[in-house]
Trainee: 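Let me begin by handing over the structure; questions about it come next.
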Amino acid sequence: DGCVRVITDLVHQAKEKAGLDPSLPLEALGMSLSGGEQPEGQERIKAGLLSIKPSISNSYHVCTDTFGPIAAAFPSGGMVLISGTGSNCELVNPDGTTHRCGGWGHMLGDEGSAYWISHCAIKLVYDIGDGFRTSPHDISVMKNTVYSFFNLKEKFDILDYLYEKFSKDEIAKLCERLAAVA
């Protein structure tokens, strides 16, 4: 529902900026969205748009977030690597066949994403602190960055952020701080 509201707001703003009458429907609305490869999700987005703002467009197309950048930059196929909060990689060949890796979310992977990098840093700090691993390098800057970012007074304070107050987006923001001290 939140996603649908953001889409309707963005379409309305785009129409206004383009000098178009916001009450007139678009001929077509294409949306390249994270999770857009799932038919059930595509239908939920379309149904949500029709229920909130039926006159937003005459037709809709929803696809995965990787197809939009490829279609915009490469008319006969191409490759995109997305590395944001999550990660994904997709190859579209000139004949239309595709190969994909990643994009499975933080529970199964998202290697290279901001969340994954942040999670690895937190895990390393705690694994070294618990004696499960050793490091040939001093990790005090990384540990201080993790503690500072989450405002931890002691090591157990991290548990609130990983469970009760869990937010993938918030944990992913740690990556920016880690990059700054790298």
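Computed from a prediction, not measured in an experiment: that's the story for all the values here.
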Trainee: Can you give each donor-acceptor pair under 3.5 Å made by side-chain atoms of residues 64-73, sequence neighbours left out, with the distance rounded to 0.1 Å?
Mentor:
| from | atom 1 | to | atom 2 | distance (Å) |
| --- | --- | --- | --- | --- |
| Thr64 | OG1 | Glu37 | OE1 | 2.7 |
| Thr66 | OG1 | Glu90 | OE1 | 2.9 |

Trainee: Are Leu152 and Val141 linked, directly or through intermediate hydrophobic residues, by side-chain heavy-atom contacts shorter than 4.5 Å (ILVMFWY only)?
Mentor: no
Trainee: Indicate the atoms forming the closest heavy-atom contact of Ser87 with Ser113, along with that distance.
Mentor: N-CB, 3.7 Å
Trainee: Report the residue from Asn93, Thr98, Thr97 that forms a side chain to side chain donor-acceptor pair (under 3.5 Å) with Asp95.
Mentor: Thr97
Trainee: Donor-acceptor pair, distance only, cut-off 3.5 Å: does the side chain of Asp130 make one with the backbone of Phe132?
Mentor: no
Trainee: Among Ile56, Leu50, Leu49, which residue meets the side-chain contact (heavy atoms from CB on, under 4.5 Å) test with Lys53?
Mentor: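 So the option named by the test is Ile56.
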Trainee: Between Lys155 and Tyr126, is a side-chain contact (heavy atoms from CB on, under 4.5 Å) present by the stated rule, with each step listed?
Mentor: CA-CA 8 Å; Lys155 67 182 180 179; Tyr126 279 80; 3.8 Å; yes
Trainee: Using the rule that two of Ile, Leu, Val, Met, Phe, Trp, Tyr join whenever any of their side-chain heavy atoms come within less than 4.5 Å, decide whether Val125 and Tyr163 are in one cluster.
Mentor: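 In one cluster with Val125: Tyr163, yes.
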Trainee: Please determine whether side-chain contact (heavy atoms from CB on, under 4.5 Å) holds for the pair Thr134 and Ile128, giving the CA-CA distance in whole Å, both sets of side-chain angles, and the decisive distance to 0.1 Å.
Mentor: CA-CA 6 Å; Thr134 59; Ile128 289 172; 6.0 Å; no
Trainee: Roughly how far, to the nearest 0.5 Å, is the CG atom of Leu178 from the OG1 atom of Thr145?
Mentor: 6.0 Å
Trainee: What pair of heavy atoms forms the shortest contact from Tyr161 to Phe150, and how long is it?
Mentor: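 Residues Tyr161 and Phe150, closest heavy atoms: OH-O, 3.1 Å.
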Trainee: Ile52 and Leu33: same hydrophobic cluster, using ILVMFWY side-chain contacts below 4.5 Å?
Mentor: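 Ile52 clusters together with Leu33.
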Trainee: To the nearest 0.5 Å, what is the distance between OG1 on Thr8 and CG on Leu29?
Mentor: 10.5 Å
Trainee: Kindly confirm or rule out a cation-pi arrangement of Lys143 over Tyr147, judged by NZ or CZ under 6.0 Å from the six-membered ring centre and within 45° of its axis?
Mentor: yes
Trainee: What's the separation between atom CZ in Phe149 and atom CG in Leu174, rounded to the nearest 0.5 Å?
Mentor: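 Result: 5.5 Å between the selected atoms.
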Trainee: Compare every heavy atom of Ser55 with every heavy atom of Lys15, then report the nearest pair and how far apart it is.
Mentor: NZ-O, 4.5 Å
Trainee: Compare every heavy atom of Ser51 with every heavy atom of Gly48, then report the nearest pair and how far apart it is.
Mentor: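 Of all heavy-atom pairs spanning Gly48 and Ser51, the closest is O-OG, 3.0 Å.
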Trainee: For atom CZ of Arg100, decide whether the heavy atoms of other residues, nucleotides or ligands shown that lie under 6.0 angstrom number more than 12.
Mentor: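 Correct, the count exceeds 12.
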Trainee: What closest approach, in Å, do Ala172 and Ala114 show between heavy atoms, and which atom pair accounts for it?
Mentor: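 Scanning both residues completely, I find the closest heavy atoms to be O-CB, 3.6 Å.
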Trainee: Mind running side-chain contact (heavy atoms from CB on, under 4.5 Å) on Val80 and Cys89 for me, showing each step along the way?
Mentor: CA-CA 6 Å; Val80 67; Cys89 182; over 6 Å; no
Trainee: Taking the basic N atoms (NZ, or NE/NH1/NH2) and the acidic carboxylate oxygens, is any pair closer than 4.0 Å for Glu176 and Lys173?
Mentor: no
Trainee: On a heavy-atom basis, which atom in Ser59 and which in Glu27 lie closest, and how many Å separate them?
Mentor: OG-O, 3.2 Å
Trainee: Begin from the C-alpha positions of Lys123 and Asp127 and carry the test salt bridge (charged side-chain N to carboxylate O under 4.0 Å, His left out) through to its verdict.
Mentor: CA-CA 6 Å; Lys123 178 94 170 105; Asp127 281 356; 2.9 Å; yes
Trainee: Should the pair Lys168-Asp110 be classified as a salt bridge under the 4.0 Å nitrogen-to-oxygen rule?
Mentor: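 Salt bridge flag = yes for Asp110 with Lys168.
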Trainee: Could you walk me through whether Phe74 and Met79 satisfy the side-chain contact (heavy atoms from CB on, under 4.5 Å) test, starting with their C-alpha distance in whole Å, then the side-chain angles of each, then the deciding distance to 0.1 Å, before giving a yes or no?
Mentor: CA-CA 8 Å; Phe74 307 105; Met79 179 186 237; over 6 Å; no
Trainee: If I take atom OG from residue Ser167 and atom CG from residue Leu162, how far apart are they, to the nearest 0.5 angstrom?
Mentor: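 One finds 11.5 Å between OG of Ser167 and CG of Leu162.
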Trainee: Is it the case that one hydrophobic cluster holds both Ile82 and Ile117, taking links as side-chain heavy atoms less than 4.5 Å apart, direct or via other members?
Mentor: no
Trainee: Is there a path of hydrophobic side-chain contacts, each under 4.5 Å between heavy atoms of I/L/V/M/F/W/Y residues, joining Phe166 to Met107?
Mentor: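 No, it is not one cluster - the side chains of Met107 and Phe166 are not joined through contacts under 4.5 Å.
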Trainee: Measuring from Asn88:CG to Ser83:OG, what's the distance to the nearest 0.5 Å?
Mentor: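 Answer for the CG-OG pair, Asn88 versus Ser83, is 10.5 Å.
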Trainee: Supply the atom-to-atom distance Leu20 CG to His12 NE2, rounded to the nearest 0.5 angstrom.
Mentor: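 So the gap between those two atoms works out to 11.5 Å.
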